[in-house]
Amino acid sequence: MTDFGTRLARAIEERGRFCVGIDPHVALLQQWGLSDDVASLERFALTVVEAVAPVVGVVKPQSAFYERFGSRGVAVLERVIAESRAAGALVLLDVKRGDIGSTSQAYADAYLDPASPLASDAITASPYLGFGSLDPMVEACRRHDAGLFVLVLTSNKEGPEVQHARGADGTVAGVVLDHLRRLNADARPIGSFGAVIGATIGSTEEDLDINGPFLVPGYGAQGGTTDDLRRIFGSAARWALPSSSREVLAAGPDVTALRDAARRGNDAVRGLDA
Ligand SMILES: O=C(O)c1cc(=O)[nH]c(=O)n1[C@@H]1O[C@H](COP(=O)(O)O)[C@@H](O)[C@H]1O
């Protein structure tokens with residue numbers, strides 16, 4: 001296969017940078033006239049896949065919304081992953097995993113090894129057990145041409161308490177960015193190791209020149225706008241994947257309306273290359 005960074009660059013070029021989150025919130029199930037059960041979860045999630053996976057570059061299912069239904073919910077997640085990939089979208093599975101190294105290996109096997117039923121193109125990871133604890137995931141990405149998006153400056157208001165904390169080597173966010181920069185050194189056109197930076201953070205003094213992609217949640221329902229993207233990322237916005245879940249999903253259950261919402265989202269962020 002081809003490394004994740006190259007595949008992502010191609011997806012952005014061919015389909016655009018907009019990422020649709022496939023998050024079956026209970027409120028959205030209700031809004032779609034569905035019940036809070038696994039059959040409704042399946043109907044919701046696979047309708048979204050049918051509508052958006054053929055037209056956007058990246059989809060981002062959030063695992064928790066499936067896990068809450070137990071093994072049958074996880075079976076739905078497996079179908080979301082497989083059917084999205086079959087439709088040509090890259091799947092960034094949002095699991096925000098992070099543990100001691102030996103357990104990180106099991107997470108890597110679960111989500112990044114093509115032999116796993118949950119194998120995805122990339123996952124989100126939490127670096128707060130120390131960046132080195134993610135080494136098994138980094139190695140798995142190299143071995144399987146997958147990608148890793150590590151939390152740096154998250155969109156929630158509680159994030160700065162940890163992420164802005166300053167030690168001898170600078171802020172926690174800055175240290176994580178340094179690690180990502182090292183992992184992506186010399187990669188062309190872009191590295192496979194990305195940073196999660198919320199569209200709601202206002203601005204940042206951190207050096208975002210990591211030669212890697214950015215997952216940018218908080219765009220849409222949480223208030224982030226294209227002006228925020230330009231202000232936060234400057235020329236690095238070229239490698240930003242603005243991600244929106246609720247704002248797009250609220251257009252359902254009509255497949256055409258969902259697809260149009262995804263297309264509108266894509267059009268709105270097209271000019272960020274400039
Ligand atoms: O890693 C993420 O995707 C993420 C990081 C972050 O800082 N903030 C954030 O909202 N997210 C996820 O992005 C999605 C945001 O959903 P909406 O607010 O509905 O667009 C959810 O799946 C969140 O779990």
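These figures come from a predicted structure and were not determined experimentally. Order of appearance sets the numbers: ligands from 1, and atoms from 1 within every ligand.
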Please report which non-hydrogen protein atom sits nearest to atom 18 (O) of ligand 1, along with the residue it belongs to and the distance in Å to one decimal place.
Arg246 NH2, 2.7 Å

Judged by non-hydrogen atoms, does Lys60 sit under 4.0 Å from ligand 1?
yes

Per-atom contacts of ligand 1 with Ser155, taking only distances under 4.0 Å to non-hydrogen atoms:
6 (C), 7 (O), 8 (N), 9 (C), 10 (O)

Which residue owns the protein heavy atom closest to atom 22 (O) of ligand 1, what's the atom, and how far is it?
Asp23 OD2, 2.6 Å

Side-chain donor-acceptor contact under 3.5 Å, Asn156 with Thr154
yes

Nitrogen or oxygen of Thr154 less than 3.5 angstrom from that of ligand 1:
no

Looking at Val196, which atoms of ligand 1 are within less than 4.0 Å of one of its heavy atoms?
1 (O), 5 (C)

Donor-acceptor pair between Thr171 and Gln163 side chains, under 3.5 angstrom
no

Consider only side-chain N and O atoms of Gln222 and Ser155, and report whether a donor and an acceptor are under 3.5 Å apart.
yes

Residue pair Ser104 / Asp99, side-chain donor-acceptor N/O under 3.5 Å:
no

If you count the atoms of ligand 1 from 1 in the order shown, which ones are under 4.0 Å from a heavy atom of Ser244?
20 (O)

Determine the interplanar angle of the Phe131 and His179 rings, folded into 0 to 90°, and report it as parallel if under 30°, tilted if 30 to 60°, perpendicular if over 60°.
parallel

Give the residue, atom name and distance (to 0.1 Å) of the protein heavy atom nearest atom 15 (C) of ligand 1.
Gln222 NE2, 3.4 Å

Option among Asp145, Thr2, Asp121 that satisfies the side chain to side chain donor-acceptor pair (under 3.5 Å) test with Arg7
Asp121

Donor-acceptor under 3.5 Å (Ser116 side chain, Ala110 main chain)
yes

Can Gly220 be said to touch ligand 1, with heavy atoms closer than 4.0 Å?
no

Heavy-atom gap Asp94 to ligand 1 smaller than 4.0 Å
yes

Sub-4.0 Å atoms of ligand 1 with respect to non-hydrogen atoms of Pro217:
2 (C), 4 (C), 5 (C), 6 (C), 7 (O), 8 (N), 9 (C), 10 (O), 11 (N), 13 (O)

Is a salt bridge present between Arg142 and Asp3, judged by a nitrogen-to-oxygen distance below 4.0 Å?
no

I want to check something: taking the side chain as every heavy atom from C-beta on, are Glu42 and Arg72 in contact at a cut-off of under 4.5 Å?
no

Atom 20 (O) of ligand 1 [closest protein heavy-atom partner, distance rounded to 0.1 Å]
Ser245 N, 2.8 Å

Which ligand 1 atoms are under 4.0 Å away from a heavy-atom of Lys96?
1 (O), 2 (C), 3 (O), 4 (C), 5 (C), 11 (N), 12 (C), 24 (O)

Measure Leu215 to ligand 1 on non-hydrogen atoms and call it side chain, backbone, both or neither using the 4.0 Å cut-off.
side chain

